Amino acid sequence: MRYIFLALALMTISFAKVATIHVEGMTCPLCTMAIKKSLKKLDGVTKVKVKLNTKKATIHFDKNVTKEALLEAIKDAGYSGKIIQIKEQ
């Protein structure tokens with residue numbers, strides 16, 4: 001049983017991705033909260049950090065989330081985004 005959990009954990013890690021997105025239009029802490037909330041609604045997003053001072057969002061997600069879905073979630077919150085990088089973890 002222990003090996004099954006280990007195998008599942010390794011599979012999850014190997015399919016994880018991290019995107020860094022530059023977000024335009026943020027002016028206050030409420031902006032960062034709106035973007036986080038919108039991104040966390042996506043199935044497969046596991047962690048979101050949004051920094052006002054750098055105007056960047058860092059999103060941890062699985063293979064089922066597309067970059068278009070990330071950008072659309074940011075757009076739905078009222079902002080525009082441009083992907084800086086996407087890394088496999």
Side-chain angles (χ1 to χ4, degrees):
M1 188 72 152
R2 197 174 4 178
Y3 296 110
I4 292 172
F5 289 121
L6 180 60
L8 289 174
L10 290 174
M11 285 176 26
T12 303
I13 291 169
S14 66
F15 293 120
K17 295 182 181 182
V18 179
T20 304
I21 299 176
H22 178 78
V23 182
E24 285 293 326
M26 291 192 298
T27 58
C28 68
L30 292 175
C31 298
T32 63
M33 290 174 54
I35 293 166
K36 281 183 194 178
K37 184 177 178 181
S38 186
L39 287 164
K40 285 183 176 182
K41 286 181 184 177
L42 295 173
D43 287 335
V45 171
T46 57
K47 183 178 178 184
V48 178
K49 275 184 167 177
V50 182
K51 293 191 176 186
L52 179 60
N53 61 340
T54 61
K55 304 219 183 294
K56 290 182 184 175
T58 304
I59 306 104
H60 296 251
F61 59 100
D62 67 27
K63 64 177 180 149
N64 297 320
V65 179
T66 65
K67 62 183 179 181
E68 292 82 13
L70 296 173
L71 294 173
E72 188 66 28
I74 291 171
K75 185 178 177 183
D76 289 346
Y79 305 90
S80 62
K82 180 180 179 186
I83 294 179
I84 297 171
Q85 70 177 7
I86 296 179
K87 295 190 297 187
E88 300 271 342
Q89 271 194 321

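Small disclaimer: the values here were computed from a predicted structure and weren't measured. What's counted below: heavy atoms across the whole structure, side chains too, no hydrogens, waters or symmetry copies.
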Quick one: side-chain contact (heavy atoms from CB on, under 4.5 Å) partners of H22, sequence neighbours excluded?
E24, K55, I84
Between L52 and V23, is there shared hydrophobic-cluster membership here, with clusters defined by ILVMFWY side-chain heavy atoms closer than 4.5 Å?
yes
Point-to-point distance, once rounded to the nearest 0.5 Å, from OG1 of T46 to CD1 of I59
10.5 Å
Indicate every side-chain donor-acceptor pair of residues 25-38 with a distance under 3.5 Å to a residue at least two apart or in another chain.
unit_1 : atom_1 : unit_2 : atom_2 : d
T32    : OG1    : P29    : O      : 2.6
S38    : OG     : A73    : O      : 2.5

By side-chain contact (heavy atoms from CB on, under 4.5 Å), which residues pair with K67, not counting sequence neighbours?
I83, I86
Write down the atom of A57, the atom of V50, and the distance for their closest heavy-atom approach.
CB-CG2, 4.0 Å
What residues form a side-chain contact (heavy atoms from CB on, under 4.5 Å) with E68, not counting sequence neighbours?
T66
Let me check something: do L71 and V45 share a hydrophobic cluster, defined by ILVMFWY side-chain heavy atoms less than 4.5 Å apart, either directly or through other members?
yes
How long is the straight-line distance from CG of L39 back to NZ of K49, given to the nearest 0.5 Å?
14.5 Å
Would V18 end up clustered with F61 when hydrophobic side chains under 4.5 Å apart are linked, directly or stepwise?
no
Just to verify, what does N64 make a side-chain contact (heavy atoms from CB on, under 4.5 Å) with, not counting sequence neighbours?
D62
Roughly how far, to the nearest 0.5 Å, is the NZ atom of K51 from the OG1 atom of T58?
7.0 Å
